[in-house]
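Take a look at the structure below.
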Amino acid sequence: MGDLMYRPRRLRRNQVIRDMVAETKIKRDGLIQGYFVTEGKGVRQEIESMPGIYRESPDMISKTIDEDFRLGIRRIMLFGIPEHKDAMASSALGADSVATRTVKMLKDTYGDDLFVTADVCLCAYTDSGHCGVIYNDMVDNDKTLPILADMALALAKAGCDCVGPSDMMDGRVGRIREILEANDYANTLIMAYTAKYASTYYGPFRDACHSAPGKGDRKGYQMDWHNRNEASRELALDIEEGADIVMVKPALAYLDIISDFRAQTDLPVAAYNVSGEYSMVKLMAREKIVDEKTMVLENLTAITRAGADIIITYHLRDMLKGGWIG
Ligand code: PBG
Ligand code: ZN
């Protein structure tokens, strides 16, 4: 005979009970799949450090997205990889940047049935590999702002639903909001990379985009991972400047920041399950160290539990293909 009053294990006895009392569920409609679009024709190269993710030219990516659409993907995030890089990031601008052309092609095909977000940053477009333009050996904040604003406007003109500034220059959300308002793009969303940390977890992404800085690192503009309160200051600024969605990036090592954001704002909170987080799972699964499906579900549930409404993740296609979420 037992004499314990409280037995939490009673609620864990079988799967039917566990499902009944489960507190968190991954929200399928909150998931966004990331894509890399590159110039050329007929290009489809798997990114070595990110198995299952490709660099594709517009003609090829349109086929991939067509299949993904049929699979149920309705929300995507695009990253452009230009052929030409220079000091002023000129191939990021205008109607014929690779990202802009792709956005237009997709929006012409899918209209409002596909939500298209595009990254706004210069690192894939500058010859230095930095997220802003260089003056006197420094990434110049204020000279970078108008270029970012122009890039965002070009994307909006192509029909982009949402722009995601990931550069971490001060004041960029406000500048982008101003230029969008001034040009009658009042409905374009801004998903701000609000707390973007200078993280090792972006390694595979920089591989994918050939966007690693040639000299130095990004610590002069991305956040220091020792800091938590600083993220709240960034949050206050992005809200004031007109962000619609605020993001924490990376996700898994920054669940405290996601949880803080959830408590500090009623705006939608996004989390970016970045390339390094994806690759860790993929490489471990490939070595049969873990079960991929279970680990992906554990990771995305944790990000959801911390407070994210939206998760940008490279796993979405696999999740839908495998029927991992309902
Ligand atoms: C561009 C950008 C980066 C990522 C998103 N936008 C790379 C970086 O800041 O170095 C990283 C995404 C990922 O790792 O999946 N600034
Ligand atoms: Zn950048």
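Here, residue 1 is the first one in the sequence, and each next residue gets the next number. These figures come from a predicted structure and were not determined experimentally. As the structure lists them, so they are numbered: ligands from 1, and atoms in each ligand from 1.
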Are any of the side-chain nitrogens in [X] or [Y] under 4.0 Å away from the carboxylate oxygens of its partner?
{"X": "D108", "Y": "K104", "value": "yes"}
{"X": "D318", "Y": "K282", "value": "yes"}
{"X": "R75", "Y": "D29", "value": "yes"}

Determine whether the side chain, the backbone, both or neither of [X] has a heavy atom under 4.0 Å from any heavy atom of ligand 1.
{"X": "Y278", "answer": "neither"}
{"X": "C123", "answer": "side chain"}
{"X": "C121", "answer": "side chain"}
{"X": "D119", "answer": "side chain"}

(message) Distance check, rounded to the nearest 0.5 Å: L189 atom CG versus D244 atom CG?
(response)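 The CG atom of L189 sits 4.5 Å away from the CG atom of D244.
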
(message) Heavy-atom contact check, 4.0 Å cutoff: does Y272 meet ligand 1?
(response)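 Distance cut 4.0 Å: Y272 passes for ligand 1.
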
(request) Can you sort out which atoms of ligand 1 are near S166, meaning under 4.0 Å from one of its heavy atoms? (result)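 Close to S166: 1 (C), 2 (C), 6 (N), 16 (N).
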
(request) Identify, by atom number and element, the atoms of ligand 1 in contact range of F79, meaning under 4.0 Å from any of its heavy atoms. (result)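 Going through ligand 1 atom by atom, the ones under 4.0 Å from F79 are 5 (C), 6 (N).
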
Protein heavy atom at shortest distance from [atom]:
{"atom": "atom 14 (O) of ligand 1", "value": "S275 OG, 2.7 Å"}
{"atom": "atom 10 (O) of ligand 1", "value": "R206 NE, 2.6 Å"}
{"atom": "atom 12 (C) of ligand 1", "value": "F205 CD1, 3.3 Å"}

(message) Ring centres under 6.0 Å, that's the criterion: do F36 and F205 meet it?
(response)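 Centroid separation for F36 and F205: below 6.0 Å.
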
(message) Counting the benzene-type ring for Trp, do Y254 and Y197 have ring centres under 6.0 Å apart?
(response)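 Yes, the ring of Y254 comes within the 6.0 Å limit of the ring of Y197, centre to centre.
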
(request) State, to the nearest 10 degrees, the angle whose vertex is the Zn ion (ligand 2) and whose arms point to SG of C123 and SG of C121. (result)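 Between SG of C123 and SG of C121, the angle at the Zn ion (ligand 2) is about 120°.
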
(message) Ignoring hydrogens, what is the shortest heavy-atom contact between R262 and A306? Give both atom names and the distance.
(response)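 Looks like CB-O, 4.3 Å.
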
(request) Could you check which of K196, H130, K249, M77 puts a non-hydrogen atom nearest to atom 16 (N) of ligand 1? (result)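 Checking each option, the heavy atom nearest atom 16 (N) of ligand 1 is found in K196.
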
(message) The test is side chain to side chain donor-acceptor pair (under 3.5 Å); show your working for S232 and Q264 and say whether it passes.
(response) CA-CA 8 Å; S232 302; Q264 291 166 5; 3.0 Å; yes

